[in-house]
Amino acid sequence: MMFKRVLIAEDHESASISVRKTLEDLGITDTEYTYYCDDALTQIRKSILGDQPFDLLITDLSFEEDHRAQNIAGGMDLINAAKAIQPNLKVIVFSAESKASVIDKLFKELGINGYVRKARNDAKDLRIAIDTIYKNKIHLSADLRRNVKEKNAYEFTAFDITIISLLSQGTLQKDIPVYLQVNAIKPSGSSSVEKRLNTMKEVLGFSKNEQLVAYCKDFGII
């Protein structure tokens, strides 16, 4: 047995054809596709009213703007809206996005069932994902799984959060020790601040403070 009805939301025709071919290889022939998120939600509504709901939604995250105005601009909003009217709908995100913070949010906040990154061997990975999710398991590509796990493994201390918050507010790194001293926060030396920042960037794989700040904002750490 396998999924019976699948909806594909993908604005690139070549990618859509590739996904449909992968589904056909798995014996899934009852598929519909759309290039727009608004149309995808309309099709989901119609399928529910017609008592033939979709079993699976495969969607990209990014949809290019064109002449047609859209209420739902991207995959995240589409998933949110789809889950609101069909909570049991299985969802696979098929996207080029590789940021751990974005992928983690998709699983934790939007409740997706699988994530396949558009890359080499993505058709093979998509087949594995569909089979895995049909068996009520979660799928995440191996390389991304390592990436997300490593980034989520780091535990931020109160001192870390203070430093990052100051940077996000526009405080220069060289001025942070002064703030720490004035507010009796220890350790307050410039070497301690530099060491903590370097440790965080090394563990999380960043080279700039700006990347660290953006990551913490994405995750709601600050």
Side-chain angles (χ1 to χ4, degrees), residues 9 11 37 59-65 70-84 91-119 122 138-222:
D11 61 348
C37 292
T59 181
D60 198 348
L61 289 180
S62 301
F63 289 76
E64 292 182 5
E65 293 184 10
Q70 295 291 303
N71 291 318
I72 305 174
M76 282 193 177
D77 290 338
L78 171 59
I79 295 167
N80 236 339
K83 287 279 192 178
V91 179
I92 292 177
V93 172
F94 185 45
S95 169
E97 178 61 69
S98 61
K99 289 181 182 176
S101 58
V102 174
I103 298 168
D104 193 67
K105 180 178 180 180
L106 288 168
F107 280 100
K108 290 183 177 178
E109 297 184 19
L110 298 185
I112 70 168
N113 305 92
Y115 189 96
V116 176
R117 188 164 68 93
K118 292 179 179 177
D122 54 15
I138 297 296
H139 177 86
L140 178 62
S141 305
D143 59 329
L144 294 175
R145 189 161 54 244
R146 286 191 298 270
N147 194 19
V148 170
K149 184 177 180 181
E150 288 169 3
K151 288 185 180 295
N152 287 340
Y154 185 82
E155 294 186 8
F156 291 86
T157 66
F159 186 63
D160 294 337
I161 294 172
T162 297
I163 294 172
I164 299 166
S165 296
L166 289 169
L167 288 173
S168 72
Q169 294 163 16
T171 305
L172 298 176
Q173 182 177 330
K174 66 181 181 65
D175 295 331
I176 291 177
V178 175
Y179 173 92
L180 298 176
Q181 289 169 5
V182 170
N183 289 275
I185 299 173
K186 295 182 180 181
S188 59
S190 58
S191 61
S192 297
V193 172
E194 183 178 5
K195 183 178 180 180
R196 290 308 303 160
L197 284 171
N198 287 341
T199 297
M200 287 186 279
K201 286 185 289 186
E202 182 179 352
V203 171
L204 297 169
F206 300 130
S207 59
K208 298 179 180 179
N209 288 344
E210 292 82 1
Q211 294 171 312
L212 177 62
V213 170
Y215 171 80
C216 291
K217 285 182 177 178
D218 286 343
F219 265 120
I221 295 165
I222 59 171

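Throughout, numbering of the chain's residues begins at 1 and tracks the sequence. Hydrogens, waters and symmetry mates play no part in the numbers below; they use all other heavy atoms, side chains included.
With rounding to the nearest 0.5 angstrom, the SG atom of Cys216 is 8.0 Å from the CD1 atom of Ile161. Rounding to the nearest 0.5 Å places CG of Leu166 at 11.5 Å from CD of Gln173. Remark: Thr171 OG1 to Ile164 CD1 distance equals 13.0 Å, nearest 0.5 Å. If you take CD1 on Ile163 and OG on Ser192, they are separated by 8.5 Å, rounding to the nearest 0.5 Å. Here Ile79 contributes atom CD1 and Leu61 contributes atom CG; the two are 6.5 Å apart, rounded to the nearest 0.5 Å. For the atom pair OG1 of Thr59 and CZ of Phe94, the computed distance is 11.5 Å after rounding to the nearest 0.5 Å.
Side-chain atoms of Lys186 and Leu180, non-hydrogen and from C-beta on, never get closer than 4.5 Å to each other.
Asn183 places a side-chain N or O within 3.5 Å of a backbone atom of Tyr179 that can act as its donor or acceptor partner. With hydrogens and angles ignored, the 3.5 Å screen pairs no side-chain donor or acceptor of Asp77 with any backbone N or O of Gly74.
Between Glu97 and Tyr115, the shortest heavy-atom distance links the atoms O-OH, 2.6 Å. The shortest heavy-atom contact between Ser98 and Arg117 is CB-CD, 3.7 Å. For Cys37 against Leu78, the heavy-atom pair with the smallest separation is O-CD1, 3.7 Å. Of all heavy-atom pairs between Phe63 and Ala73, the closest is CB-O, 3.8 Å.
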| said: Pair Leu212, Leu167 - check side chain to side chain contact (heavy atoms under 4.5 Å, CB included), show working. | reply: CA-CA 10 Å; Leu212 177 62; Leu167 288 173; 5.5 Å; no

| request: Walk me through it: do Ser190 and Glu194 pass the test side-chain hydrogen bond (donor to acceptor under 3.5 Å, both in side chains)? | output: CA-CA 6 Å; Ser190 58; Glu194 183 178 5; over 6 Å; no

| message | Show, in sequence, the C-alpha distance, side-chain angles and deciding distance for Met76 and Leu110, and conclude whether the side chain to side chain contact (heavy atoms under 4.5 Å, CB included) test is met. | response | CA-CA 8 Å; Met76 282 193 177; Leu110 298 185; 4.0 Å; yes

| Full working for side chain to side chain contact (heavy atoms under 4.5 Å, CB included) between Lys217 and Ile222 | CA-CA 6 Å; Lys217 285 182 177 178; Ile222 59 171; 3.8 Å; yes

| request: Give the C-alpha distance, both sets of side-chain angles, the deciding distance and a yes or no for side chain to side chain contact (heavy atoms under 4.5 Å, CB included) between Lys208 and Val213. | output: CA-CA 9 Å; Lys208 298 179 180 179; Val213 170; over 6 Å; no

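A side chain to side chain contact (heavy atoms under 4.5 Å, CB included) with Ile112 holds for exactly one of Ile103, Ile92, Leu106; it is Leu106.
Qualifying salt bridge (charged side-chain N to carboxylate O under 4.0 Å, His left out) partners for Asp160, counting only residues two or more places apart in sequence or in other chains: Arg196. Here Gln181 pairs with nothing under the side chain to side chain donor-acceptor pair (under 3.5 Å) rule; sequence neighbours left out.
For the pair Asp122 and Lys118, the salt-bridge criterion is not met [side-chain N within less than 4.0 Å of a carboxylate O].
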